[in-house]
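Contents: one structure, followed by commentary.
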Protein chains: 2
Amino acid sequence: MSGSERDVEAQPSVRMRDVARALGVSVSTVSRALSQPDMVSVETLERVGEMAARMRYRPNLAARDLRTRTTRTLLVIIPSFSPLFLEIFRGAEREAVRQGYSVLMAHSGGDADREHVFLDQVLSQRADGIVLVTTADPARLAERQPSLPIMVTAVDTISGIGAPNMRIDNVAAARAAVEHLIGLGHRRIAHIGGPSDSLMARDRAQGFADAIAAGGLEPAHCPILTGAVTLATGEALMARLLTRYPRPTAVLAANDELAVGALQAVKRDGLRIGADISVIGFDDLRFGMLYDPPVTTVAFDKVELGRLAMAALIARIEGRSDVVDATLPTRLVVRGTCAAPAAP
Amino acid sequence: MSGSERDVEAQPSVRMRDVARALGVSVSTVSRALSQPDMVSVETLERVGEMAARMRYRPNLAARDLRTRTTRTLLVIIPSFSPLFLEIFRGAEREAVRQGYSVLMAHSGGDADREHVFLDQVLSQRADGIVLVTTADPARLAERQPSLPIMVTAVDTISGIGAPNMRIDNVAAARAAVEHLIGLGHRRIAHIGGPSDSLMARDRAQGFADAIAAGGLEPAHCPILTGAVTLATGEALMARLLTRYPRPTAVLAANDELAVGALQAVKRDGLRIGADISVIGFDDLRFGMLYDPPVTTVAFDKVELGRLAMAALIARIEGRSDVVDATLPTRLVVRGTCAAPAAP
DNA sequence: ATGAAAGCGCTAACAT
DNA sequence: ATGTTAGCGCTTTCAT
């Protein structure tokens with residue numbers, strides 16, 4: 001009880017052997033009764049079940065996993081607790097449970113090292129596969145090439161590793177959002193983007209730039225600012241935009257969190273949302289919907305994205321038909337933060 | 001490749017034995033080099049390290065776990081993805097990583113069965129211990145008594161199982177919040193509470209009732225309504241309160257989500273927040289702070305709560321001094337949703 | 001400092 | 001339908 005070493009109050013831990021002895025049968029009989037019920041007589045089945053319950057027997061999964069080389073446990077790695085990723089997780093989890101797998105979530109915090117620690121958990125047979133929602137470092141992942149776990153990626157794709165990917169078309173979605181603003185009459189539209197090491201952020205910025213070019217807007221009036229995906233960043237970057245002359249009349253934010261931050265800056269400056277500055281966000285997060293006014297945003301079925309990713313993972317694990325990539329549709333949800341620009 | 005059975009493209013999977021052979025040493029030497037570096041010669045240490053890396057050797061953790069009866073992995077079970085629980089998880093995770101453990105999150109969805117599935121993961125040696133953040137069914141948990149995993153509870157306590165508990169004093173915190181309202185001059189104060197099968201919700205309701213009694217307010221004018229902890233519930237219950245005569249002038253909500261829902265109902269009815277209806281929430285969630293006006297709320301250090309729980313868990317696992325319960329302080333954060341009631 | 005051998009608790013041939 | 005046996009890949013005595 002003194003040292004700092006492992007010294008748990010040794011639970012005697014009932015083993016299969018103990019149950020077998022108590023019943024006067026062999027371990028294999030118990031094993032079969034427990035996992036292949038139709039291979040034993042009804043009577044033994046019943047006796048074993050009863051005794052196992054009475055003795056509070058719990059299988060040692062480490063032993064079973066070692067023997068069967070399978071865990072029926074899957075990992076979902078998310079980079080942060082953003083509602084976007086949590087919704088995706090929810091979909092993935094539901095599908096896995098439906099198919100009889102356990103799911104555990106790991107949180108990389110965007111740290112490549114920690115991400116790899118979790119990948120190793122699969123290679124080390126603690127789990128059967130991984131749904132990787134966005135990666136901290138695609139290049140490093142591709143380098144690991146020969147020793148990658150069974151994996152499906154969601155949101156960001158990783159080229160060259162042959163992992164199925166479930167995504168939305170961020171470029172097209174961003175373009176459509178900007179086109180909506182142009183349609184309203186905006187000519188000076190800025191982009192508040194996520195960090196440039198994020199593929200998703202880069203794609204959204206790309207779509208923004210495409211639409212600006214296609215619409216023939218003056219690029220000098222349509223700046224792209226980037227930063228971390230936080231409220232504070234959205235607010236700071238918008239504050240910077242508001243000092244420009246001529247001021248942009250609309251902003252596409254790379255997600256709803258940045259959008260809300262931006263809107264806070266607009267409010268703080270005493271400008272009118274819509275009339276003075278229009279804002280569009282991304283991902284349709286609930287707190288954007290609750291904002292006053294509710295944020296216009298690019299929406300898609302996040303739960304379904306997770307579900308598809310998990311279904312693809314399980315299909316791979318079970319050796320079923322290789323599922324190919326999927327791209328889910330997006331749609332612009334028009335709410336209260338956009339209007340035609342006031343006459344210049 | 002056809003059937004639906006397990007049939008993964010058999011990764012040859014390098015074993016320790018393979019590394020040993022390649023080096024012409026015994027498995028024990030490799031094992032020692034990898035986990036007890038000071039028991040082998042510097043030269044062997046180096047050669048083994050190199051070869052293991054070159055062969056991309058990954059230890060089979062199922063085998064190691066089986067042998068050592070430990071996993072260095074801990075589970076945190078949360079009932080939902082509410083920011084409250086996610087913050088607690090964040091604190092727990094940080095502490096575990098700091099102490100060299102892996103953490104995985106499991107999500108019970110408030111379902112007692114799923115909760116027990118995860119508890120069994122520990123009994124089945126897939127993890128070393130559990131931080132249980134709130135439980136779906138304390139009674140059932142207590143019944144499992146002799147076969148419970150090493151566990152620490154956060155938020156809700158479970159009596160009679162001897163698990164350390166990290167919490168806040170919900171009764172006192174709720175009472176203090178109501179006293180604040182009474183201090184502002186309110187005499188008709190309602191409570192929008194969480195489900196009565198939640199201990200946390202019951203405690204908050206209790207604190208509410210205590211304060212009403214202590215303040216000598218007319219109980220008939222201070223109703224307690226309860227429901228699920230969702231925005232929609234908050235809105236619906238507030239709508240109901242607004243039809244009462246005489247109308248309450250203030251509401252204590254059991255958390256910020258209910259509070260925001262309630263505020264939405266107030267807005268929709270064209271009443272003034274503060275002047276007509278004051279609202280206090282609980283938990284200091286970010287989206288309450290962002291609301292317009294920002295929600296007055298009961299705050300506490302959620303991350304620290306998680307950290308403490310995890311520290312206590314690890315201490316138990318490592319057989320160190322039994323950590324006792326802890327109660328963290330709360331404080332009322334006064335923001336924009338409270339004012340003195342308009343003259344009646 | 002290293003090797004040989006035993007065994008963690010389970011499942012899966014192989015017998016009977 | 002049940003029992004016997006042989007490992008899964010690792011760590012850890014016990015020898016040397």
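Side chains are part of it too, since the values below use all heavy atoms of this structure and drop only hydrogens, waters and symmetry mates. Since this is a predicted model, take the numbers as computed values, not measurements. Throughout, a chain's letter reflects where its sequence line sits, starting with A, and its residues are numbered from 1.
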* To do: Report yes if at least one side-chain N or O of B:Thr29 is closer than 4.0 Å to OP1 or OP2 of C:dG3; otherwise report no.
  => yes
* Taking atom P of D:dC8 as reference, at what distance in whole Å does atom CG of A:Asn60 sit? -> 18 Å
* Asked: So does A:Ser31 get a side-chain nitrogen or oxygen closer than 4.0 Å to the phosphate oxygens (OP1/OP2) of C:dC10?
  -> no
Protein-nucleotides 14-16 of chain D N/O pairs closer than 3.5 Å?
none

* Centroid-centroid under 6.0 Å between A:Phe89 and B:Phe81 rings -> yes
* Do A:Asp65 and A:Arg72 sit within salt-bridge range, that is, some charged N less than 4.0 Å from a carboxylate O? -> no
* Asked: Do B:Glu304 and B:Leu328 have side chains that get closer than 4.5 Å, going by heavy atoms?
  -> yes
* Asked: With respect to the phosphate group of C:dA1, does any side-chain polar atom (N or O) of B:Thr44 fall under 4.0 Å of OP1 or OP2?
  -> no
* Structure fact -> In whole angstroms, the gap separating P of C:dA1 from CD of B:Glu46 amounts to 16 Å
* Would you kindly compare A:Arg64 and B:Val25 by the position of their nearest DNA chain C nucleotide and give the one closer to the 5′ end? => B:Val25
* Side-chain contact, heavy-atom cut-off 4.5 Å: A:Leu86 with B:Leu86? -> yes
* Asked: Taking atom P of D:dC10 as reference, at what distance in whole Å does atom CG of B:Leu34 sit?
  -> 9 Å
* Asked: Could B:Asp38 and B:Arg32 be called an ion pair, given the rule that one side-chain N must be under 4.0 Å from one carboxylate O?
  -> no
* Structure fact -> What residues 15-23 of chain B contributes to the DNA chain C interface at heavy-atom separation below 4.0 Å is none
* Asked: So, do A:Ile314 and A:Leu74 sit near enough that their side-chain heavy atoms are less than 4.5 Å apart?
  -> yes
* When we call it a touch if two heavy atoms are under 4.0 Å apart, what does B:Ser28 touch: a base, just sugar-phosphate, or nothing? -> base
* Does A:Gln36 place a side-chain N or O at less than 4.0 Å from the phosphate oxygens OP1/OP2 of C:dA12? -> yes
* To do: To the nearest Å, give me how far apart CG (A:Asp65) and C1' (C:dA12) are.
  => 16 Å
* Taking only Lys NZ, Arg NE, NH1 and NH2, and the carboxylate oxygens of Asp or Glu, determine whether A:Glu87 and A:Arg90 approach each other closer than 4.0 Å. => yes
* Using a cut-off of 4.0 Å on non-hydrogen atoms, how would the nucleic acid contact of A:Glu43 be classed: base, sugar-phosphate, or nothing? -> nothing
* Asked: Side chains of A:Thr134 and A:Phe85: closer than 4.5 Å at any heavy-atom pair?
  -> yes
* Structure fact -> Between B:Asp38 and B:Arg67, whichever has its closest DNA chain C nucleotide further toward 5' is B:Asp38
* **N/O (side chain, B:Ser41) to phosphate O (OP1/OP2, C:dT2) under 4.0 Å** => yes
* To do: Salt-bridge test for A:Glu95 and A:Arg98: reply yes if a basic N is under 4.0 Å from a carboxylate O, no otherwise.
  => yes
* Rounded to whole angstroms, how far apart are CG on B:Leu66 and P on C:dT11? -> 12 Å
